[in-house]
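Note that the coordinates shown come from a computational prediction; the quantities given were computed from them, not determined experimentally. Numbers restart at 1 for each chain; the letters A, B, ... are given by sequence-line order, proteins then strands.
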Amino acid sequence: MSAGGRKSGLIPFEAASGFLMLLIVAAMSFLACFALAGSLGTTRVANSWTDGLAGAATVRISAGEEDRARRVSLALDILRETPGVLDARPLSEADVAQLLTPWFGSTPQIGELPTPSIITVKLDPDMEPDPEIVQARLDGASSGAVYDDHGRWRNRAASAARAVGGLSLWALGFAVLAIAAVVYLVVSIAMAAHKNTISALRLAGAEDRFVAGVYQKRFFWLGLLGGLLGAVLALVAFLGMDALSSVTSALPGIEPPAYWPFVMGAVVLSAGLVALLSARVAVLTTLRRRA
Amino acid sequence: MILFENVGFRYGRGPEVLQGLNLEIPAGSFQFLTGASGAGKSSLLKMLYLDEKPTSGRISLFGRDVTTLTRDEIAWFRRRIGVVFQDFRLLDHLTAAENVALPLTVAGARESAYRDNVAEMLQWVGLGDKMSVRPPELSGGEKQRVAIARAVVASPDIILADEPTGSVDPEMAERIMSLFMEMNRLGKTILFASHDLAMIERFKMPIMSLHDGTISATAGARA
């Protein structure tokens with residue numbers, strides 16, 4: 001008396017539609033993993049960039065300015081007296097030349113180029129000075145120095161990370177919606193195909209939630225299986241992607257975080273839960289519509 | 001037990017199938033319901049197993065107005081009503097035993113708790129050796145007996161039969177009738193719809209005749 005004992009066996013289910021749903025859920029789970037990886041990776045890279053720039057500022061005195069040694073000394077005095085500045089020191093000509101190496105190569109003539117004087121400033125991260133006030137003080141002393149706390153760059157990096165994160169959330173949302181829609185459709189078709197069976201169950205005293213339970217259970221497992229398939233394929237794609245090593249070497253910090261397996265687990269579980277909820281809604285609305 | 005008060009019924013905007021119907025069927029009674037095809041027998045039964053609602057009037061079962069039940073309450077009431085149809089309405093993908101167990105399964109009973117009861121029911125209808133057989137492999141009479149076992153397995157208070165002997169030969173019809181009589185002796189209220197007057201008259205039970213949507217006559221007191 002197996003099928004009667006198992007609720008799930010009471011209503012037949014076509015393997016073909018289950019397989020089709022499995023494929024779609026797997027594809028959506030695959031995309032969700034990539035969207036999440038993109039979002040998390042971008043956020044981590046942006047954070048590492050902005051964290052690296054936080055607590056630091058640069059002061060630049062143009063190469064064209066006369067009497068640069070005096071101007072540098074003046075700027076250093078002002079900076080060292082500014083609250084929130086922990087340290088300020090000028091870069092040597094060799095340091096500046098090294099900074100330019102990526103653009104000009106390591107030619108001996110680089111020292112002959114008109115390079116600006118640069119002062120690196122270490123700031124108290126808990127009490128960073130207002131850049132406008134610092135600039136005003138430097139201007140007041142006619143130092144000709146330009147103060148840059150990298151705020152503009154940090155803001156750009158943060159907004160770029162937010163934009164990518166937002167896009168990833170949209171992609172995730174669409175993946176969830178697609179899973180919900182396909183489950184709703186498959187359940188509706190399955191219920192139409194087995195209308196008489198469901199009617200017999202109802203006449204035997206089955207409540208709507210009993211019928212919903214039969215479908216929920218089945219589609220939860222199908223969703224979970226599809227989600228797992230998609231996540232495993234995403235993992236294989238991540239690991240097997242030739243470009244991954246070049247991406248990680250170009251963008252240190254984009255490597256998958258240690259908690260990545262849990263994120264993928266959450267994607268798999270979410271696929272199952274979305275399928276379950278969508279199946280429940282499909283059954284209850286269909287039964288009420290028929291009543 | 002069953003009370004109809006001025007009940008009218010129509011499908012959609014069609015003509016009235018039943019009109020001004022008043023009837024009372026006491027608990028534990030056996031009542032034949034007869035009438036020509038289209039007289040409204042099936043519609044009356046559909047309202048009793050809560051598949052349709054009257055368009056006017058009031059129906060009470062077990063002292064409760066059933067025209068205002070919620071979907072969950074309907075399910076609960078249906079567990080107290082067993083139904084046997086002319087077309088059996090068995091599930092072909094389930095075995096005979098699984099079909100019989102259906103009302104118990106949907107009520108949430110465990111298979112271990114009802115396995116013996118189901119076997120006993122199939123023995124009672126003479127199909128103890130067909131427990132694992134699926135309906136497509138059963139004859140019409142066997143299917144109907146499985147349907148009867150399904151209707152009574154949860155020990156309902158009311159059993160409704162809609163032309164249950166319509167698809168079987170006379171010998172099997174007699175056998176099926178005797179099962180209904182036995183259920184009635186066990187205290188079940190039986191409402192048995194049939195247009196086979198010859199068979200009905202042999203059993204000398206109260207007869208209610210439907211004609212053009214109203215009860216035209218009642219006859220045949222308990223012998």
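Note that CG of B:L91 is 10.5 Å distant from CD1 of A:I198, once rounded to the nearest 0.5 Å. In this structure, B:I74 CD1 and A:R202 CZ are separated by 6.5 Å, a value rounded to the nearest 0.5 Å.
Residue pairs meeting the side-chain hydrogen bond (donor to acceptor under 3.5 Å, both in side chains) criterion with at least one member in residues 27-41 of chain A: none, sequence neighbours excluded. Every pair tested for salt bridge (Lys or Arg N to Asp or Glu O under 4.0 Å) that includes a residue from residues 163-182 of chain A fails, sequence neighbours excluded, so the list is empty.
Using a 4.5 Å cut-off between heavy atoms, B:F77 makes no contact with chain A at all.
The local environment of NE2 in A:H150 is crowded, with over 12 non-hydrogen atoms from other residues, nucleotides or ligands closer than 6.0 Å. Atom CZ of B:F62 sits in a crowded spot, with more than 12 heavy atoms from other residues, nucleotides or ligands closer than 6.0 Å. Residue A:R156 places its CZ atom among 12 or fewer non-hydrogen atoms of other residues, nucleotides or ligands, all under 6.0 Å distant. More than 12 heavy atoms of other residues, nucleotides or ligands sit less than 6.0 Å from atom CD of A:E14. Within 6.0 Å of CH2 on A:W221 lie no more than 12 heavy atoms contributed by other residues, nucleotides or ligands.
B:R89 contributes no side-chain N or O that, together with a main-chain N or O of A:A200, makes up a donor-acceptor pair within less than 3.5 Å.
The minimum heavy-atom distance linking A:F210 with B:T105 is given by the pair CE1-O, 3.6 Å. Closest heavy-atom contact between A:A206 and B:A75: O-CB, 3.8 Å. Minimum interatomic distance between B:H93 and A:L10 (heavy atoms only, all atoms of both residues): NE2-O, 2.6 Å.
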Criterion side-chain contact (heavy atoms from CB on, under 4.5 Å) on B:R79 and A:E207, from CA distance to verdict: CA-CA 10 Å; B:R79 290 180 200 161; A:E207 293 173 351; 3.7 Å; yes

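Contact count against chain A (heavy-atom pairs under 4.5 Å) is highest for B:P103 among B:P103, B:S112, B:A151, B:A109. Of the listed residues (A:V211, A:L203, A:T197), the one with the most heavy-atom contacts under 4.5 Å to chain B is A:L203.
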